[in-house]
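Report on the following structure.
Because the structure is predicted, anything quoted here is derived from the model rather than measured. All residue numbers refer to positions in the sequence shown, counting from 1.
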Amino acid sequence: MSDEVRVVCVIGYPVAHSRSPTIHNFWIGKYGLAAEYRREEVAPETFPSFVKELDVRGYIGANVTLPHKEAALEASEPDERAQAVGAANTLWFDDGVLRSTNTDVEGFIANLDDAAPGWDRGLDEAVVLGAGGSARAVIYGLKERGCPKIHVVNRTIERAQALRERFGDVVMPASWDDLPNLLPRARLLVNTTSLGMAGQPPLDIDLAPLPTEATVADLVYNPLETPLLAAARARDMRTADGLGMLLHQAVRGFALWFGVVPDVTPNLRALVEADLAPKESKDGNDLES
Ligand code: NDP
């Protein structure tokens with residue numbers, strides 16, 4: 001073991017509100033590693049050169065957040081998952097080659113496995129609200145888990161249609177007006193829109209047609225309990241929240257950089273919740289990672 005401190009950063013613009021340093025520095029302390037996790041605010045025009053010199057700057061890897069997730073794909077050797085999703089959020093060196101992946105996929109799935117074990121049993125139909133960047137990771141994960149029919153409900157129908165082109169016939173584009181007809185057959189409902197986030201319009205849907213055995217997931221984590229999750233819990237349905245996804249998506253990067261697979265524990269969750277609490281603001285989720 002070398003005594004050298006291994007350093008990783010999150011690159012964003014802005015980056016001050018990223019919770020990744022809180023998560024990774026917690027694990028670094030917990031596992032007693034000689035390591036450090038920093039923030040790097042990098043403007044879009046300098047992102048390619050920054051990443052090119054990542055190792056020269058002393059970094060063994062990085063997370064990438066808004067607005068660089070697409071540019072990160074170009075600046076590295078993406079794996080199949082990052083390519084399919086069209087965005088990368090985690091960079092690491094492998095024999096001198098800078099590789100990238102998208103950990104939102106496993107963050108989404110691992111959070112469901114943790115919060116609602118068995119959620120995918122008999123999962124014939126899922127409804128995904130939204131067709132933006134996070135919807136791509138969610139759809140990829142659901143398809144990988146074998147969900148045969150994913151209804152993608154979006155305001156701009158062309159974006160949902162583009163996801164059918166990207167992921168194939170498993171994706172069924174739909175409009176908000178179709179939702180009441182789709183919910184009765186769904187076993188999973190996922191909100192990937194920014195609706196319901198602090199400072200954004202509410203997500204106003206009636207859950208009554210959704211079977212009570214269904215699971216409801218929301219990617220929004222500010223507020224931690226969104227009105228969608230509150231409505232699902234009031235009906236005794238199982239739920240998975242956005243903070244859980246945020247924590248679970250961090251696991252793979254830590255394992256790639258430091259060779260330790262960290263645990264997502266109640267202690268870590270409490271720490272990040274406390275960190276988020278005073279910052280819950282009109283600005284919404286601030287940052288995913
Ligand atoms: P995008 O900007 O890529 O997509 C936003 C989506 O929301 C689009 O489908 C858009 O529809 C829809 N939308 C926005 N405003 C409205 C509105 N007024 N009415 C109807 N639809 C609307 O965002 P992301 O996918 O990157 O992020 C979405 C949310 O997920 C954010 O809250 C983000 O913080 C959160 N997130 C959480 C993560 C976690 O780890 N928990 C990880 C990643 C994201 P249209 O196409 O018509 O514009």
Side-chain angles (χ1 to χ4, degrees), residues 10 18-20 22-24 26-27 63 65 69 81-82 84-85 87 89-90 101-121 123 126-130 132-147 150 186-197 203 210 213-233 237-256 261-276 284-289:
V10 52
S18 170
R19 293 306 179 285
S20 290
T22 308
I23 299 169
H24 289 289
F26 172 87
W27 282 331
N63 278 131
T65 188
K69 288 186 183 182
R81 177 171 288 198
V85 172
N89 68 351
T90 302
T101 188
N102 187 308
T103 64
D104 282 339
V105 176
E106 64 225 74
F108 170 68
I109 296 292
N111 185 37
L112 275 167
D113 285 341
D114 193 21
W119 62 275
D120 53 344
R121 227 174 281 137
L123 180 66
V127 172
V128 173
L129 308 174
S134 59
R136 297 202 301 263
V138 164
I139 292 166
Y140 183 92
L142 291 179
K143 191 179 166 189
E144 207 176 42
R145 265 299 167 95
C147 180
I150 306 168
R187 288 296 175 275
L188 177 71
L189 172 67
V190 187
N191 175 40
T192 77
T193 74
S194 43
L195 295 172
M197 184 159 96
L203 174 58
L210 191 63
E213 318 84 82
T215 301
V216 176
D218 201 337
L219 268 57
V220 170
Y221 55 85
N222 176 16
L224 284 171
E225 177 165 88
T226 62
L228 175 68
L229 294 179
R233 285 171 189 153
M237 299 171 77
R238 300 201 300 167
T239 59
D241 69 13
L243 178 56
M245 174 171 166
L246 180 73
L247 300 178
H248 280 283
Q249 68 76 32
V251 168
R252 176 111 193 277
F254 195 88
L256 286 166
V261 180
D263 286 331
V264 173
T265 55
N267 278 357
L268 172 64
R269 192 182 158 97
L271 180 75
V272 181
E273 268 187 35
D275 192 31
L276 279 168
N285 272 3
D286 297 335
L287 265 205
E288 301 105 49
S289 45

How long is the gap from [atom1] on [X] to [atom2] on [Y], to the nearest 0.5 Å?
{"X": "Leu129", "Y": "Leu195", "atom1": "CG", "atom2": "CG", "result": "8.5 Å"}
{"X": "Arg145", "Y": "Leu188", "atom1": "CZ", "atom2": "CG", "result": "11.5 Å"}
{"X": "Glu273", "Y": "Thr22", "atom1": "CD", "atom2": "OG1", "result": "13.0 Å"}
{"X": "Phe26", "Y": "Phe254", "atom1": "CZ", "atom2": "CZ", "result": "10.0 Å"}
{"X": "Thr192", "Y": "Ile139", "atom1": "OG1", "atom2": "CD1", "result": "7.0 Å"}
{"X": "Leu276", "Y": "Arg269", "atom1": "CG", "atom2": "CZ", "result": "9.5 Å"}

Heavy-atom check, side chain of [X] versus side chain of [Y], under 4.5 Å:
{"X": "Asn191", "Y": "Val216", "result": "no"}
{"X": "Thr239", "Y": "Thr215", "result": "no"}
{"X": "Ile109", "Y": "Trp119", "result": "yes"}
{"X": "Val190", "Y": "Val127", "result": "no"}
{"X": "Leu271", "Y": "Asp275", "result": "no"}
{"X": "Thr65", "Y": "Val10", "result": "yes"}

May I ask you to decide if [Y]'s main-chain N or O and [X]'s side chain share a donor-acceptor pair within less than 3.5 Å?
{"X": "Arg252", "Y": "Thr90", "value": "no"}
{"X": "Asn102", "Y": "Ala87", "value": "yes"}
{"X": "Trp27", "Y": "Val251", "value": "no"}
{"X": "Asn111", "Y": "Asp241", "value": "yes"}
{"X": "Arg187", "Y": "Leu123", "value": "no"}

Chi angles and distances behind the side chain to side chain contact (heavy atoms under 4.5 Å, CB included) call for Leu247, Ile23:
CA-CA 7 Å; Leu247 300 178; Ile23 299 169; 3.8 Å; yes
Is there a donor in the side chain of Asn267 and an acceptor in the side chain of Thr265, or the other way round, less than 3.5 Å apart?
no
Which atom pair, heavy atoms only, marks the closest approach of [X] to [Y]?
{"X": "Pro223", "Y": "Gly196", "value": "CD-O, 3.5 Å"}
{"X": "Ala230", "Y": "Glu225", "value": "CB-OE1, 3.7 Å"}
{"X": "Pro117", "Y": "Ala115", "value": "CD-C, 3.6 Å"}
{"X": "Ala240", "Y": "Leu112", "value": "CB-CD2, 3.7 Å"}
{"X": "Ala135", "Y": "Val128", "value": "CB-CG1, 4.4 Å"}
{"X": "Ala255", "Y": "Pro262", "value": "N-CD, 4.4 Å"}

Sorted by chain and number, sequence neighbours left out, side-chain hydrogen bond (donor to acceptor under 3.5 Å, both in side chains) with Thr103 holds for Asn89, Gln249
Walk me through whether Leu189 and Leu228 qualify under side chain to side chain contact (heavy atoms under 4.5 Å, CB included).
CA-CA 10 Å; Leu189 172 67; Leu228 175 68; 4.2 Å; yes
Quick test of your reading of the model: are Arg81 and Glu144 salt-bridged, counting only N-O distances below 4.0 Å?
yes
Out of Asp113, Asp104, Asp114, which one pairs with His248 under the side chain to side chain donor-acceptor pair (under 3.5 Å) rule?
Asp114
